[in-house]
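Everything below concerns the one structure shown next.
Computed from a predicted structure; not experimentally measured.
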There are 2 protein chains.
Amino acid sequence: MVTKQLLAGLPEDADLRRSDSLAREIFSDVANKWALLIIEALGERTLRFGELRDEVEGVSHKMLTQNLRMLERNGLVDRTVHPTVPPRVEYTLTGPGRDLRGAVDAICGWTHQHLSHIERARGRFGG
Amino acid sequence: MVTKQLLAGLPEDADLRRSDSLAREIFSDVANKWALLIIEALGERTLRFGELRDEVEGVSHKMLTQNLRMLERNGLVDRTVHPTVPPRVEYTLTGPGRDLRGAVDAICGWTHQHLSHIERARGRFGG
DNA sequence: CTGCATCCACTAGGATACTG
DNA sequence: CAGTATCCTAGTGGATGCAG
């Protein structure tokens with residue numbers, strides 16, 4: 001099973017069922033469009049909320065907030081609030097967050113590399 | 001912008017706007033839970049529809065069908081119909097499809113590697 | 001066995017307005 | 001500027017039935 005492969009090498013026994021569902025939950029959180037685009041946008045930088053909204057093409061205020069909370073909850077991004085007026089909130093990737101960048105970069109690279117193949121495949125599929 | 005990075009190194013000029021939206025569309029197709037789990041499940045193997053449904057934990061008949069069509073349309077999986085009774089339909093990754101496995105493996109590996117970090121982060125987040 | 005169509009509950013996600 | 005809350009629509013996704 002895919003979820004078994006997700007868990008290869010984990011401590012076994014009683015934790016297994018809990019870890020299994022936790023792993024699937026985390027995978028579902030992370031394997032979505034906005035989360036990956038936010039991680040890619042942050043990279044090594046520290047960005048404010050508004051800057052992120054500009055960087056991540058097409059993301060709405062609401063989706064950005066939701067996904068940032070989720071990423072913060074899972075320890076992938078750090079959120080720093082500067083108690084100034086107006087408020088200044090900065091986001092940056094944590095260590096584990098940065099560890100995911102390789103995978104995200106790979107997907108982005110793959111996308112651009114296979115654009116023409118995919119376009120041709122679509123042409124064949126339709127006709 | 002993230003989408004600019006997605007396109008780094010592409011032929012420029014007139015195609016750019018079309019390619020940009022195409023790249024985002026493909027990224028959205030590929031960067032979703034079920035698509036990635038299906039790719040991971042297939043790996044180097046050839047699986048029938050029913051086998052895939054058993055391998056991909058929790059996927060419904062409908063989601064599996066939809067995602068397989070999408071992956072086929074984008075040229076990531078090959079679909080082979082054996083005209084027998086009962087019908088036998090086999091799915092396998094294409095070259096480009098296999099090229100994505102590295103990235104998917106990386107996300108799976110990352111998930112399992114950081115399980116405890118994430119669990120701790122969640123604990124802090126709540127309290 | 002595989003795939004399509006249908007119904008239905010539910011959530012995703014945009015627009016907007018309001019708070020600190 | 002950042003965040004929350006609300007409304008509202010379109011789409012997701014499960015269950016089921018039927019056809020090839």
Side-chain angles (χ1 to χ4, degrees), chain A residues 2-3 21 24-38 41-42 45-74 76-93 125-126, chain B residues 2-3 21 24-38 41-42 45-74 76-93 125-126:
Chain A
V2 170
T3 49
S21 89
R24 269 193 280 157
E25 191 183 329
I26 294 168
F27 188 88
S28 300
D29 275 356
V30 162
N32 87 60
K33 175 183 168 179
W34 293 127
L36 295 182
L37 287 176
I38 289 170
L42 276 174
R45 301 179 292 175
T46 293
L47 294 178
R48 302 180 57 177
F49 182 88
E51 292 170 336
L52 260 174
R53 197 186 41 219
D54 294 340
E55 292 289 325
V56 181
E57 181 86 9
V59 74
S60 69
H61 188 116
K62 185 183 182 181
M63 282 302 97
L64 186 54
T65 304
Q66 268 184 18
N67 278 275
L68 282 171
R69 286 296 161 280
M70 179 273 286
L71 291 173
E72 186 191 359
R73 185 171 97 95
N74 290 328
L76 276 82
V77 304
D78 269 336
R79 175 168 176 270
T80 309
V81 182
H82 297 85
T84 57
V85 173
R88 179 185 188 86
V89 183
E90 295 182 328
Y91 294 92
T92 183
L93 289 180
F125 192 81
Chain B
V2 170
T3 49
S21 87
R24 271 193 280 156
E25 190 183 329
I26 294 167
F27 187 88
S28 300
D29 276 355
V30 162
N32 87 60
K33 175 183 167 180
W34 294 127
L36 295 182
L37 287 176
I38 289 170
L42 275 174
R45 301 179 292 176
T46 294
L47 294 177
R48 302 180 56 177
F49 182 87
E51 292 169 336
L52 260 175
R53 195 184 43 217
D54 293 339
E55 292 288 326
V56 181
E57 181 86 9
V59 74
S60 69
H61 188 116
K62 185 182 180 180
M63 282 301 98
L64 186 54
T65 305
Q66 268 185 16
N67 279 274
L68 283 172
R69 285 297 158 282
M70 179 273 285
L71 291 172
E72 186 191 359
R73 184 170 96 96
N74 289 329
L76 276 82
V77 303
D78 269 336
R79 177 170 176 268
T80 310
V81 182
H82 297 85
T84 56
V85 173
R88 179 186 187 86
V89 183
E90 294 182 330
Y91 294 93
T92 185
L93 290 179
F125 192 81

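- A heavy atom closer than 4.0 Å to some atom of DNA chain C occurs in Pro87(A), these being the qualifying members of residues 78-93 of chain A.
- Note: NZ (Lys33(A)) to C1' (dG13(C)) measures 10 Å, nearest angstrom.
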Starting from the C-alpha separation in whole Å, work towards a yes-or-no answer on salt bridge (charged side-chain N to carboxylate O under 4.0 Å, His left out) for Arg45(A) and Glu55(A). CA-CA 12 Å; Arg45(A) 301 179 292 175; Glu55(A) 292 289 325; 3.6 Å; yes
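- The shortest distance between the side-chain N/O atoms of Arg48(A) and the OP1/OP2 oxygens of dC1(D) is not below 4.0 Å.
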Could you walk me through whether Glu51(B) and Arg88(B) pass the salt bridge (charged side-chain N to carboxylate O under 4.0 Å, His left out) check? CA-CA 11 Å; Glu51(B) 292 169 336; Arg88(B) 179 186 187 86; 5.6 Å; no
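- If you take CG of Leu64(A) and P of dC1(D), they are 14 Å apart, rounded to a whole angstrom.
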Please report the C-alpha distance between Arg79(A) and Glu90(A) in whole Å, then the side-chain angles of each, then the deciding distance to 0.1 Å, and finally whether the side chain to side chain contact (heavy atoms under 4.5 Å, CB included) criterion is met. CA-CA 6 Å; Arg79(A) 175 168 176 270; Glu90(A) 295 182 328; over 6 Å; no
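- In summary, of the residues considered (Val59(A), Val89(A), Leu64(A), Val77(A)), a side-chain contact (heavy atoms from CB on, under 4.5 Å) with Leu52(A) occurs for Leu64(A) alone.
- Distance, Leu52(B) CG to dG3(C) P: 10 Å, rounded to whole Å.
- One distance of note links CZ of Arg53(A) with NE2 of His61(A); it measures 7.0 Å at 0.5 Å rounding.
- Between the two ends of the helix from dC1(C)-dG20(D) to dG20(C)-dC1(D), each summarised by a five-pair axis, the helix axis turns through 40° (rounded to 10 degrees).
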Sub-3.5 Å pairs of nitrogen or oxygen atoms, protein against nucleotides 11-14 of chain D:
{"from": "dG13(D)", "atom 1": "N7", "to": "Lys62(B)", "atom 2": "NZ", "distance (Å)": "2.8"}
{"from": "dG14(D)", "atom 1": "OP2", "to": "Ser60(B)", "atom 2": "OG", "distance (Å)": "2.4"}
{"from": "dG14(D)", "atom 1": "O6", "to": "Lys62(B)", "atom 2": "NZ", "distance (Å)": "2.6"}

Is there a side chain to side chain contact (heavy atoms under 4.5 Å, CB included) between Phe27(B) and Leu37(A) once you walk through the steps? CA-CA 10 Å; Phe27(B) 187 88; Leu37(A) 287 176; 3.7 Å; yes
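- Screening Leu42(B), Leu76(B), Asp29(B) for a side-chain contact (heavy atoms from CB on, under 4.5 Å) involving Leu71(B) leaves a single residue, Leu76(B).
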Step by step, work out the side chain to side chain contact (heavy atoms under 4.5 Å, CB included) result for Thr65(B) and Phe49(B). CA-CA 9 Å; Thr65(B) 305; Phe49(B) 182 87; 3.6 Å; yes
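- In this structure, the CZ atom of Arg73(B) is 18 Å from the C1' atom of dG3(C), given to the nearest Å.
- Of all nucleotides listed (dG3(C), dC1(D), dT4(D)), dG3(C) comes nearest to the side chain of Thr65(B).
- One can place CZ of Phe49(A) at 11 Å from C1' of dT4(D), the figure rounded to the nearest angstrom.
- Using a 4.5 Å cut-off on side-chain heavy atoms (C-beta onward), Tyr91(B) and Ile38(B) make no contact.
- Between the CE atom of Met70(A) and the P atom of dG13(C) there is a distance of 11 Å, given to the nearest Å.
- At least one side-chain heavy atom of Asn32(A) sits less than 4.5 Å from a side-chain heavy atom of Met70(A).
- Using a 4.0 Å heavy-atom cutoff across all strands shown, Arg69(B) reaches sugar-phosphate atoms only and no base atom.
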List the steps and the verdict of salt bridge (charged side-chain N to carboxylate O under 4.0 Å, His left out) for Glu25(A) and Lys33(B). CA-CA 10 Å; Glu25(A) 191 183 329; Lys33(B) 175 183 167 180; over 6 Å; no
